[in-house]
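Take a look at the structure below.
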Amino acid sequence: MRVRFAPSPTGALHIGGARAALYNWLLAHGPGDGGEARRGAFVLRIEDTDRERSTEENVAQILDALTWLGLDWDEGPISQIGNTPRHQEALAQLLADGHAYHSSATADDVRAYKARHGADRGFRGEPEASGAVRLHVPDEGQTAFHDLVRGEVSFPNASLDDPVIARADGSVLYNFAVAVDDLDSRITHVVRGEDHISNTPKQLLVFRALGVTPPQYAHLPLLHGPDGKKLSKRHGAASVQELRAAGYLPEAVNNYIALLGTGFAPDEEFFTMSEMAERFRLDRVSRSPAVFDEQKLRHINGQHLRALSTDELTARLEQFTGRSGLRGAVEISREKIQTLADFWPLAGFLFDGPADDPAAFDRVIGSGGGRETLAQARAALADLEPFTAETVESALRQIVERSGVKPGQVFQPVRVAIAGTTVSPGIFESVALLGRERTIALIDAALAR
RNA sequence: GCCCCCAUGGUCUAGUGGUUAGGACGCCUCCCUUUCACGGAGGAGAUCGCCGGUUCGAGCCCGGCUGGGGGUACCA
């Protein structure tokens, strides 16, 4: 099996594209039917025949996003524009064989043709001496294929326009280049988004004209935004880069987008890449579009985050935040965050001092006897030795017992004093990590307000 | 308009002729409990888009309809 992912570098790598790449990767990395460790090769090709919109920056960005996701390729990246000589050769062949012809017909001509022959009648041009190149489409029969996800799909040839496969300047167009490249790369399975399903008959016709056997096809359902429309920028984070910046883990992104459109097990949702590769099957892929739900991504991300060792999580958080020495804080925060981005707002006070939240201060310390209990806490902690989460806990709990108040009435003022807010990692652990000096200084500062 | 695809709670899914229609996210309640989470126990939420048909029996098979989506470039 040889599969490929062929993005066009006209923008960042979108989530939908990432999923197509992932499914191809899973296909190639799953165990082979004959017991091979790997089922096949994953080829990366850059669809850059549109010189106007393709940029080097976008290529670099896409490669970077794929690398971050861990979707490494076995061959490529192949630049489609780099195959121009081969495209021209194939084009000349079709022209010589009479499978294609020059035509100067414009979009208006095509419209006029349909007005005359019926809206469901595909355009048929007259061969001319020059102009763009169109492929001859038969008037009879169907161009059909067995889609590995959807089953039989067919298009009546009579309704298909003779597609333009090369511009008047001789440069080839997408549907032609794709077929030639898939042929040359010996691609056996084309797995791509459903937005390409109506391109498939055109490509099949190119293969037929070339007299070769086409690959098999599988069209994945599209990803939609909450409004039911194709996922795009206006739905928020729509690119892999944005997901990365939002603090999601690549393994969680892969897990979630793989789940969108296929289940791997009836009652399980947490999977590693190798588990997914092992279980992935095209015929298990859903045929209906799925709505991208960032809340569920957050949930899955939290699970992957907690599955990481503290050392590994620390390394990722230090990379993400650009700070170092985070291990202790990570240890006491890891149960409380869902994304890498959640960490700093929760634990940043341990490094940069308390957050500024006057409302929390007034509510917890500035009223209800908060100052008094805080002062008691200061006294209890001032000479505490050793200064560990355990000793801090028993010291503070003694205050609770002695004064007969609810635990929160003692813990919350301390929390606000050191963190500035009412949300933080466990209070004993936080105090212990800060150490006696800093804790006392922070309590004094709060008492002085 | 034309061509094509799709249709199970708000969302993602399991289910392939006989189930109290299962699970997950989200939401609600409770437990745990120092906040927030995590974890645990419950709960609300689906006439399986609609109408016909096949069948003793249909979410599952067939047809029509409706709704949604994609495509419709000398873009990819």
Checklist line | Under-4.0 Å salt bridge between A:Glu47 and A:Arg192 | finding: no
Note to self: If you take the centroid of each ring, where Trp contributes its six-membered ring, are A:Trp344 and A:Phe320 closer together than 6.0 Å?
What the structure shows: no
Check: What one-letter contact string describes nucleotides 61-76 of chain B from 5' to 3', where B marks a base within less than 4.0 Å of any protein heavy atom, S marks contact via sugar-phosphate atoms alone, and - marks no contact?
Finding: --------BSS--BBB
Next item on the list: Hunt down the Watson-Crick or G-U wobble partner of B:A14, both distances under 3.5 Å, from any strand shown, or write none.
Entry: none
Next item on the list: Whole angstrom is fine here: how far is it from CZ in A:Arg415 over to P in B:U33?
Entry: 15 Å
Note to self: Taking B:G22 as the reference, what is the distance to B:A46 when you measure between their P atoms (whole Å, please)?
What the structure shows: 13 Å
Check: Below 6.0 angstrom between ring centroids: does that apply to A:Phe280 and A:Tyr23?
Finding: yes
Next item on the list: Once you apply the 3.5 Å cut-off to both distances, tell me the Watson-Crick or G-U wobble partner of B:A46, or none.
Entry: none
Margin query: Once you apply a heavy-atom cut-off of 4.0 Å, does A:Ser159 come out as touching a base, just sugar-phosphate, or nothing?
Written below: sugar-phosphate
Next item on the list: Grab the CD1-C1' distance between A:Ile300 and B:A24 for me, whole Å please.
Entry: 8 Å
Note to self: Only pairs with both distances under 3.5 Å count, Watson-Crick or wobble alike; so what is the partner of B:U19 in this structure?
What the structure shows: none
Notebook entry, point to check: Which atom pair, heavy atoms only, marks the closest approach of A:Phe361 to A:Ala446?
Noted result: CZ-O, 3.4 Å
Notebook entry, point to check: With both distances under 3.5 angstrom, what nucleotide forms a Watson-Crick or G-U wobble pair with B:A73?
Noted result: none
Margin query: Could you walk me through whether A:Gln203 and A:Asn175 satisfy the side chain to side chain donor-acceptor pair (under 3.5 Å) test, starting with their C-alpha distance in whole Å, then the side-chain angles of each, then the deciding distance to 0.1 Å, before giving a yes or no?
Written below: CA-CA 6 Å; A:Gln203 295 167 205; A:Asn175 281 124; 2.8 Å; yes
Note to self: The side chain of A:Glu335 is closest to which nucleotide in this list: B:C6, B:U35, B:C38?
What the structure shows: B:C38
Next item on the list: Using the C1' atom on both, measure B:C60 against B:C3 and round to a whole Å.
Entry: 29 Å
Next item on the list: Taking atom types as modelled, find out whether A:Asn157 and A:Thr143 have a side-chain donor-acceptor pair closer than 3.5 angstrom.
Entry: yes
Note to self: For the C1' atoms, the ones on B:G53 and on B:A58, what distance do you get once it is rounded to whole angstrom?
What the structure shows: 12 Å
Next item on the list: Measure from the side-chain heavy atoms of A:Val423 and tell me the nearest of B:C36, B:G23, B:C2.
Entry: B:C36
Next item on the list: Sort out the partner of B:A37 for me: Watson-Crick or G-U wobble, both distances under 3.5 Å, none otherwise.
Entry: none
Notebook entry, point to check: Is there a Watson-Crick or G-U wobble partner for B:G67 with both distances under 3.5 Å, and if so, which one is it?
Noted result: B:C6
Next item on the list: Check every strand shown and say whether A:Ser333 touches a base, only sugar-phosphate, or nothing at a heavy-atom separation below 4.0 Å.
Entry: nothing
Notebook entry, point to check: Which residue, A:Ala119 or A:Ala290, contacts RNA chain B at a nucleotide closer to its 5' end, judged by nearest heavy atom?
Noted result: A:Ala119
Next item on the list: Could you tell me the separation between the OH atom of A:Tyr217 and the P atom of B:C4, rounded to a whole number of Å?
Entry: 19 Å
Notebook entry, point to check: Under 4.0 Å between a Lys/Arg side-chain N and an Asp/Glu carboxylate O for A:Arg86 and A:Asp181?
Noted result: no
Item checked: Spacing of the C1' atoms in B:G40 and B:C6 (rounded, Å) -> 39 Å
Note to self: When the P atoms of B:A7 and B:U20 are compared, how many Å lie between them, rounded to an integer?
What the structure shows: 26 Å
Check: Tell me: CZ of A:Arg298 to P of B:C36, nearest whole Å?
Finding: 16 Å
Next item on the list: Please determine, for the side chain of A:Ser288, which listed nucleotide (B:A7, B:U34, B:G23) has the closest atom?
Entry: B:A7
Next item on the list: State whether a side-chain donor-acceptor pair under 3.5 Å links A:His196 with A:Asn199.
Entry: yes
Next item on the list: Select base, sugar-phosphate, or nothing to describe what A:Gln412 touches, counting heavy atoms under 4.0 Å on all strands.
Entry: sugar-phosphate
Next item on the list: Please state how far atom CG in A:Asp342 lies from atom C1' in B:C38, giving the value in whole angstrom units.
Entry: 13 Å
Check: Is the A:His136 to A:Tyr101 ring centre distance short of 6.0 Å?
Finding: yes
Check: If you look at every strand shown and take non-hydrogen atoms under 4.0 Å, does A:Phe428 touch a base, only sugar-phosphate, or nothing?
Finding: base
Checklist line | C1' atoms of B:C5 and B:G10, separation to the nearest Å | finding: 24 Å
Margin query: Please pick, from B:C6, B:U34, B:G22, the nucleotide with the shortest atom-to-atom distance to any side-chain atom of A:Arg150.
Written below: B:C6
Margin query: Could you check whether A:Arg281 pairs with A:Asp283 (Lys NZ or Arg NE/NH1/NH2 to Asp/Glu carboxylate O, under 4.0 Å)?
Written below: yes
Next item on the list: For A:Gln295, report the nucleic acid contact type (base, sugar-phosphate, nothing); a contact means any heavy atom under 4.0 Å.
Entry: sugar-phosphate
Next item on the list: Quickly work out the A:Phe292 CZ to B:G26 C1' distance and round it to whole Å.
Entry: 15 Å
Checklist line | Separation of B:C25 P from A:Asn301 CG (nearest whole Å) | finding: 15 Å
Check: Any donor-acceptor pair under 3.5 Å between the side chain of A:Lys336 and the base of B:C38?
Finding: no
Check: In whole Å, what separates the C1' atom of B:U55 from that of B:A76?
Finding: 49 Å
Checklist line | Test of ring centre spacing under 6.0 Å for A:His299 and A:Tyr256 | finding: no
Next item on the list: In whole angstrom, give the distance that lies between atom CG of A:Asp267 and atom C1' of B:C25.
Entry: 15 Å
Check: If we take the P atom in both B:G64 and B:G45, what is their distance in whole Å?
Finding: 36 Å
Margin query: From the set B:C12, B:C4, B:G1, return the single nucleotide nearest to any side-chain atom of A:Val153.
Written below: B:C4
Next item on the list: Return the residues of residues 344-361 of chain A meeting this criterion: a heavy atom under 4.0 Å from some atom of RNA chain B. Order them by number, or give none.
Entry: none
Notebook entry, point to check: Which value, rounded to the nearest 0.5 Å, describes the distance between A:His102 atom NE2 and A:Leu95 atom CG?
Noted result: 4.0 Å
